[in-house]
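Quick caveat, the model's predicted, so the values are computed rather than measured. Per chain, numbering begins at 1; letters A, B, ... match sequence-line order.
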There are 2 protein chains.
Amino acid sequence: MNFDALTPEQIDRLSGKLRAAGLRSTRPRLALAHLLFGAGNRHVTAETLHEEARNAGLSVSQATIYNTLNQFLSAGLLSEVIVDHARSYFDTNVTDHHHFFIEDETRLIDIPLDEVALSSLPNAPSGYDLAGVDVVIRLLKAPA
Amino acid sequence: MNFDALTPEQIDRLSGKLRAAGLRSTRPRLALAHLLFGAGNRHVTAETLHEEARNAGLSVSQATIYNTLNQFLSAGLLSEVIVDHARSYFDTNVTDHHHFFIEDETRLIDIPLDEVALSSLPNAPSGYDLAGVDVVIRLLKAPA
DNA sequence: TGTCCACTTTAGAATTGTTCTAATCTACTT
DNA sequence: AAGTAGATTAGAACAATTCTAAAGTGGACA
Ligand SMILES: [Mn+2]
Ligand SMILES: [Mn+2]
Ligand SMILES: [Zn+2]
Ligand SMILES: [Zn+2]
């Protein structure tokens, strides 16, 4: 990865984000953070992020991709979306929201919380606490 | 599995169900169908069904468990619930409905469709057809 | 600025749920 | 009863993810 492409301001911002999350600011983490948080919200899998990193000239092992994604997840910098038992999806949008999942393309699209009106939800069985509500709208490419 | 425990009526009913689905009525399929469809709606994983089969005295291979679950799924006798990337859950309730997922216990509970009021949903992006809407309410055991 | 050490990265092995292979068996047709 | 397409099986293969343990590095501190 070409670190000349990152301004000192970008590096400071990303380093700060890592430190605030209790993570050392290392070269692989900075580069991955730049890919993940550099522009808009993203959904990635370990594989797509790895390929993107390689395309950006960053030589990083698969283990580091997994370590980093899981550390970012634990630190609250990423969320996880479970829509497919074949792969884990990580989401840079950590606010409460929902998803379209295009099954043909294994692609996720955010749905802002206010576009899904869940006007009534059943109560959680007693003894259990609500941990989250996930709405997934599954889509298929329309036949031609 | 003790087939004396099944009345001829039960066997006829299950055989009919298999035939109607385009599947031959074999001993392993009948026994698994009995476990799955014999009483109320169920959520199983390959592992839980395999153990249940063994406990019922049915000697059936893991490959047959997977084959059967996937054939029943393709035939529309089962549905699949994706809530956990560690395991596939199969559901004998093939009507449209939602789920509580108790993460601590890897256990699913049905939520009837009418208990979740999705009063507004965003439109599918053009070029895509709606394939389904899944609502998962994640629960955790309440702290003592 | 150099030392040190806890933390990080890595290659490759291990793990685990699931699928595949290809040999044997069986339900159903004739 | 024989023939055959489909079913079952043990075990190998597969693929996403995690683990291991050895080598590397960030940053605190002298
Ligand atoms: Mn995970
Ligand atoms: Mn599946
Ligand atoms: Zn998202
Ligand atoms: Zn269900």
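- The 5' end of DNA chain C is approached more closely, in terms of each residue's nearest nucleotide, by Arg87(B) than by the other of Ser25(B) and Arg87(B).
- Residues His97(B) and Ile111(B) fail the side-chain proximity criterion, which asks for heavy atoms closer than 4.5 Å.
- Put simply, CG on Asp84(B) and OG1 on Thr45(B) are 10.0 Å apart, with the number rounded to the nearest 0.5 Å.
- Of the side-chain N and O atoms in Thr26(A), one or more sit less than 4.0 angstrom from OP1 or OP2 of dT9(C).
- Closest contact between the side chain of Tyr66(B) and the listed nucleotides dG27(D), dT9(D), dT18(C) involves dT18(C).
- Residue Leu18(B) contributes atom CG, which lies 14 Å from atom C1' of dC28(C) at whole-angstrom precision.
- Spacing between atom CG of Leu58(B) and atom P of dT8(D) amounts to 10 Å, rounded to whole angstrom units.
- Within 4.0 Å (heavy atoms only), Gln62(A) reaches at least one base atom of the nucleic acid.
- In this structure, His85(B) atom NE2 and dT16(C) atom P are separated by 15 Å, rounded to whole Å.
- Distance Leu30(A) CG to dG27(D) P: 9 Å, rounded to the nearest Å.
- The nearest whole Å value for the distance from the CG atom in Leu49(A) to the C1' atom in dA16(D) is 15 Å.
- When the C1' atom of dT8(C) is taken as reference, atom CZ of Phe72(A) falls 12 Å away, rounded to whole Å.
- In the set dC20(C), dT10(C), dT17(D), the nucleotide with an atom closest to the side chain of Ala63(B) is dC20(C).
- Below 30°, between 30° and 60°, or above 60°: for His99(B) and His43(B) the angle between ring planes is above 60°, a perpendicular geometry.
- Thr64(B) has a side-chain polar atom (N or O) that falls below the 4.0 Å cut-off from OP1 or OP2 of dT9(D).
- With distances taken from any side-chain atom of Asn70(B) to the nucleotides dA7(D), dT18(C), dT19(C), the minimum falls on dT19(C).
- Candidate nucleotides dT19(C), dT9(C), dC28(C) were compared by shortest atom distance to the side chain of Asn67(A), and dT9(C) ranks first.
- Projected onto DNA chain C by closest heavy-atom contact, Ala86(B) and Leu23(B) fall at different nucleotides, the more 5' of which corresponds to Ala86(B).
- Exactly one of Leu77(B), Leu49(B), Asn70(B) qualifies for a side chain to side chain contact (heavy atoms under 4.5 Å, CB included) with Phe90(B). That residue is Asn70(B).
- Under 4.0 angstrom from either OP1 or OP2 of dG27(D) there lies at least one side-chain N or O belonging to Arg19(A).
- Following rounding to the nearest Å, Arg29(B) (CZ) and dT8(D) (C1') show an atom-to-atom distance of 9 Å.
- Atom CD1 in Ile65(A) sits about 15 Å away from atom C1' in dA11(C), given to the nearest Å.
- Across the interface with DNA chain D, nearest-nucleotide mapping of Ser61(B) and Arg24(B) shows Arg24(B) to be the residue nearer the 5′ end.
- Among the nucleotides dT19(C), dT18(C), dT9(C), the one closest to the side chain of Ser88(B) is dT18(C).
- The shortest distance between side-chain heavy atoms of Asn93(B) and Ser79(B) does not fall below 4.5 Å.
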